[in-house]
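Single-structure report; data block below.
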There are 2 protein chains.
Amino acid sequence: MASINDVSRLAQVSKATVSRVLSGSRGVTEQSRDAVLRAAEILNYKPNAIAQSLSSQTTHCIGVICATEHIQQATGYLQALEKQLRLHQKHLLLRFANNSSAVAQACGELSTGLCDAIMVVGARFPLPEAAQQAVLIDCLDASGEQQVGIDYEFASQTATHYLLTQQRRKIALFNFYPGEAADQVLQGYCSALESMALPFNRQLVIAGESSASVALQGLINRHIAFDALLVTDYYQGLEVAELLKRYQRAVPQEVMVFSLDGSAAIFGQPHLPLIAYPLETLAQRAIKLLSGGASDFPLLRGNLLTPY
Amino acid sequence: MASINDVSRLAQVSKATVSRVLSGSRGVTEQSRDAVLRAAEILNYKPNAIAQSLSSQTTHCIGVICATEHIQQATGYLQALEKQLRLHQKHLLLRFANNSSAVAQACGELSTGLCDAIMVVGARFPLPEAAQQAVLIDCLDASGEQQVGIDYEFASQTATHYLLTQQRRKIALFNFYPGEAADQVLQGYCSALESMALPFNRQLVIAGESSASVALQGLINRHIAFDALLVTDYYQGLEVAELLKRYQRAVPQEVMVFSLDGSAAIFGQPHLPLIAYPLETLAQRAIKLLSGGASDFPLLRGNLLTPY
DNA sequence: CTGTTAGCGCGTTCAG
DNA sequence: CTGAACGCGCTAACAG
């Protein structure tokens, strides 16, 4: 690979001039400029990004730690983030991690000067201290300073209202692991019930179960009646829908399954009703945070999407 | 961020000694070693990756260009690749691109010394010249030197055989855009038919249509009878299955949909029969190629997976 | 306007 | 075993 020295030699000018021409080409003779450009063209010269980084102390690389357990969720986020980062001339350094210590390790390995910043996306578990500095996107444990949050209270309220309009009265809720986000979801769920003057049945709420399938089994084992299931992500929704069929419970006729997070509404029509978030907006906010913009975004609200 | 100078100062030794201790700590007094380690600990010193890269002319970064049109497909690949790369202490620089010129641009922007190598994954379109040097993974236009290919002939043969055992005799094939891969698929399809002494119906093969849905519409418009659909990827399969239902054709009773590429068998049971590839193997081969290992892998063969 | 010089942080000689 | 010195490729400050 040709270096700046090769170009300066061929163009008969100094390295500095070459640098000037290719960076902020101001204050350079047209003659020198041409010579440099021609030489660069001939040698197919591209400034070495590493050297530029060392000199400028900025790499244009953003470390993105995908902390989503269901990897499929990650895709939507990744695609949106990559697009926005690309538009801002930044590179996306990808890393998967689905528990606290893996995130910690990823943070460590990315904090060696390689990245200008780190983002953690979609974590459903408590975050390590190492992630405090990171931009948190749709993370439940939003202890960091900079974050793009999602309005889960609004989502669960919308979802519950929708289910009520569908004549469902025994809505089971499989909530996040206990924490602020779970409280918000519960809050929205309760508000919706209250607004219709309906009683709250504690037995229908299950929090912190390892998976929605397990939660569902528990519900069934305990012979608790339900005609709707509110789950926290789309893939859990598909999972329980599948399981329900095996229990001979028709979906959605007998039991309606609703997902609070459907950033993954992929191929045309969704199979389950869900709340879908505008990923582009999410990504744009993330970029704004990186650029040091204001961090006082309102929680992001999604749209109700239903099959048919 | 503390630099090597800070450490050397605090430890009362020279930079060289610090470097020695933290790299190949051989030939250093235990005393100096301790002093350095302690100082590094205190300062929370991490060698600057960029400086190391500049010096060593190697970044440990691998550029991965995801060229999959259906982004969902990418996820499986990405997860597998990231894992293997991580195990080899390499970073994954992600880029999406779904046409030839986007791939070319991505290659250009990643070939500035930032990456040690570039991989292109899942391209279903002709690749630009710029990608010749890259490691090609499941790319149809495998004009490059280093590649991890998939045995599509084997896949389509398996698929066709399976459909035949399901008493399907009018199997429509929605093939890749014309090219070597499409030929292989067609070859496998024909072999399977021949082995059962069945005739080949040219009208049932559609190649290079923009999407499987469009191809399906064409088939229906022309009143061509079919009882099975062989498509090239899982999401197209879901798409046509959905469309078939709208045409009142029961899936899989009346029409069975089969996908040749199901790296995306995600949540437990698949909804459609498919050929699923061992992504871990795929990723391991990719890494081997990066390490300069032999590039004479046999085409990768997948497994038949069916619902229930 | 241009060339020279001095770092950026690190690895690696090469003498001592 | 250790430290001083050089180079990786580039940018920025400083003289001409």
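Remember, predicted model here, so these are calculated numbers, not experimental data. Below, read A as the first sequence line, B as the second, and so on, with proteins coming before strands; counting in each chain starts at 1.
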Using a 4.0 Å heavy-atom cut-off, does B/Ser53 contact any base of the nucleic acid, only the sugar-phosphate backbone, or nothing at all?
nothing
Any side-chain heavy atom of B/Arg95 within less than 4.5 Å of one from A/Leu92?
no
Note: chain A reaches DNA chain C at heavy-atom distances under 4.0 Å over the stretch, first to last nt, 5' to 3', of C/dC1 to C/dG9
Going 5' to 3' through nucleotides 8-16 of chain D and flagging B where a protein heavy-atom sits under 4.0 Å of the base, S where only the sugar-phosphate is that close, and - otherwise, we get BBBSBB---
Restricting to salt bridge (charged side-chain N to carboxylate O under 4.0 Å, His left out), what partner residues turn up for B/Arg285, sequence neighbours left out?
none
Any side-chain N or O of B/Thr29 under 4.0 Å from OP1/OP2 of D/dT2?
yes
Got a second to check how far B/Ser53's OG is from B/Asn48's CG, nearest 0.5 Å?
8.5 Å
Scan side-chain atoms only and decide if B/Thr17 and B/Ser32 contain a donor-acceptor pair under the 3.5 Å cut-off.
no
Establish, from distance only, whether the side-chain atoms of B/Tyr235 and B/Asp261 form a donor-acceptor pair under 3.5 Å.
no
Polar side chain donor-acceptor pair, A/Asp138 to A/Tyr77, under 3.5 angstrom
yes
Smallest heavy-atom separation, A/Ala40 atom then A/Val7 atom, equals N-CG1, 4.1 Å
Quick check for you: to the nearest 0.5 Å, what is the distance between B/Arg9 atom CZ and B/Ser14 atom OG?
13.0 Å
